[in-house]
Amino acid sequence: MIYADYNATAPLRPEARAAMLAALDLGPTNPSSVHKAGRAARAVVEKARAEVGAAIGSRAEDIVFTSGGTESLALAIQGAVAALDGAATLIVSAIEHDAATKAAAHAGVPVETAYVLPSGQVDLDDLKARLTAWDRSLKGTPIIVLMLANNETGILQPVQEAAALMREAGGLTVCDAVQGLGKVPVNAALLGVDYIALSAHKIGGPQGVGALWHRAGAPLKAVQYGGGQERGLRSGTENVAGIAGFGMAVSKSVQDLPRYAALGAHRDAMEARLKSEGGVTVIGEGSPRLAGVSCFARAGFRAETQVMALDLAGVCVSAGSACSSGKVKRSLVLMAMGADDALAESAIRTSFGWNSQPEDFRNVADAWLQVNQRASSKLGA
Ligand code: PLP
C-alpha cells in the first residue's frame, strides 16, 4: 500500500508511540492527584506542554491541551466570543475547515466571509477595506479565523499580514495551524496572532489530542465546565499518554522540518509528469504551498472515481470533493478560488509526510497515469 493521505492523518511516529507506551506503563495516573502516581503523570503532561510550547516559540503556560484541532478551534472561537460577551463579529475565510466554519456558525454572533483570490490566498485588500469601514458600535470586535495552510490544496495563507491588519483595527486573529505545524516553521510571536489551534495526528502523534495556544491576555473563556483542569480553560482529565505522544511528535516534526521541505522536489517532479503525461491541472501551482501536498484535477474525471480506482491499485488519497446522497459535492475550497464546476468536481489531494519516500511519489504518479489511461480508453470506447 502507498499511503499518500497524510493531511487526513499521518502514521504514528515510533518515538511518539514509545512515549505513549511509557506513559501508559506508569499505571493509574491522574495528573490532578497529589500522590506520587499523580505527580508522575503531571510531570509527563508538563514536559509535553514545554515541548509543544517550544515548537511554536511560546511559553509552556500558554498552551491548553484539548482533544484535537476541532476542539481547539471551538475553544478559541467560542471562548473569545464569550469573553467579549458576544460583542464581536467573526470573519471566517472562505476556505476554512468545517471545524472552524461550524464552530463560528454556532458562536452566536454574526459571521462574515473573507474571500480568497484565485491564487487560493485570502484577499488582504478586501480585508483591509472591510476593517477600515468597520463600525465597532454595531459589530463589536472583529475576529478573523484564518488557517496557516489549507488542508485540501496545501496553499499557505498570509497569516502574519492578516494578523497585522487585525491588530491595527483592534481585532483578534484565530489561526488554524493544524496543517501547518511540523511542515513549516510556526512561531506564535512572529505570526502576531492571538490564538493558534494545533492537532497531534497530522504530524505523527496520536489522534484525539491537540492544543490551543493563546496570547497572554487574549480574551478567552472556557466553553466546557467541570474539574477546572488546564487552568480552568478545558475541564476534563487530561489524556496523559496522548499528550506524551503529542509532545514527542511535535519535537520530532520540528527537527524534521528540512526533511519535509525536501519533499517539494519529489512533489514537483510528480506534478510535472502528471501534467505532461496526464493533462492534469495543478491547483495552486504558483502559490506558496506545503511541500508534501499536491492537489490536482483532470476535468471530467470525477474525484470519487479517481479515489476508488487508486484505492484498488493500493494507493490511498483523498477527494477534494465528496459524494453525498449520490450527488457530487464540489470542493468548496476550489469553488472559493473561482474554479469551474468541472475542475471542482475532479480534484484529488495527495499528501505526503514524515515517512514518505521518493519512490512513493513515483508510484503515485505511475498508478494515477494508469488509472487515467484506463478511464480515458473506456470513455473513448
Ligand atoms: N483544521 C484543519 C485544517 C484540518 O485539516 C483538520 C483535520 O482534518 C482539523 C482542523 C481538525 O483537527 P482534528 O482532526 O484534530 O479535530
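Just so you know, ligand 1 is whichever comes first in the structure, and atom 1 is the first atom listed for that ligand.
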For atom 15 (O) of ligand 1, the option (of A177, A200, S199, S318) bearing the nearest heavy atom | S199
Region of M147 engaging ligand 1 - heavy atom pairs below 4.0 Å = side chain
Where does V178 meet ligand 1, judged by heavy-atom distances below 4.0 Å: at the side chain, the backbone, both, or neither?
-> side chain
Using non-hydrogen atoms of the residue, decide whether K202 is closer than 4.0 angstrom to ligand 1.
-> yes
Heavy-atom proximity to atom 1 (N) of ligand 1, picking from D176, N151, L148, T9, points to D176
List the atom of D176, the atom of L73, and the distance in Å for their closest heavy-atom pair.
-> OD2-CD1, 3.6 Å
Which pair of non-hydrogen atoms, one from D194 and one from L172, has the smallest distance, and what is that distance?
-> OD2-CA, 3.3 Å
Does the N or O separation between E71 and ligand 1 drop below 3.5 Å for any pair?
-> no
Please identify which atoms of ligand 1 are closer than 4.0 Å to at least one heavy atom of G68.
-> 15 (O)
Qualifying residue, where the test is ring-ring contact (aromatic ring centres under 6.0 Å, His included) with H266 and the options are F361, Y260, F352 = F361
Ignoring hydrogens, just give me the one of H97, H201, E96, Q207 whose non-hydrogen atom is nearest atom 14 (O) of ligand 1.
-> H201
Could you name the option among T70, V209, I95 that has the heavy atom nearest to atom 11 (C) of ligand 1?
-> T70
Quick one: do the R13 and S251 side chains pair a donor with an acceptor below 3.5 Å?
-> no
Does G69 reach ligand 1 with a nitrogen or oxygen that is under 3.5 Å from one of the ligand's nitrogen or oxygen atoms?
-> yes
Examine the side chains of T101 and E96 and answer whether a donor and an acceptor come within less than 3.5 Å of each other.
-> no
Ignoring hydrogens and angles, state whether a donor on the side chain of T66 or S72 is under 3.5 Å from an acceptor on the partner side chain.
-> yes
Under 4.0 Å to a heavy atom of Q179 - the qualifying atoms of ligand 1, by number | 3 (C), 4 (C), 5 (O)
Report whether L148 and L127 are members of the same hydrophobic cluster (ILVMFWY, side-chain heavy atoms less than 4.5 Å apart, transitive linking).
-> yes
For the residue pair Q157 and S93, confirm or rule out a side-chain donor-acceptor distance under 3.5 Å.
-> no
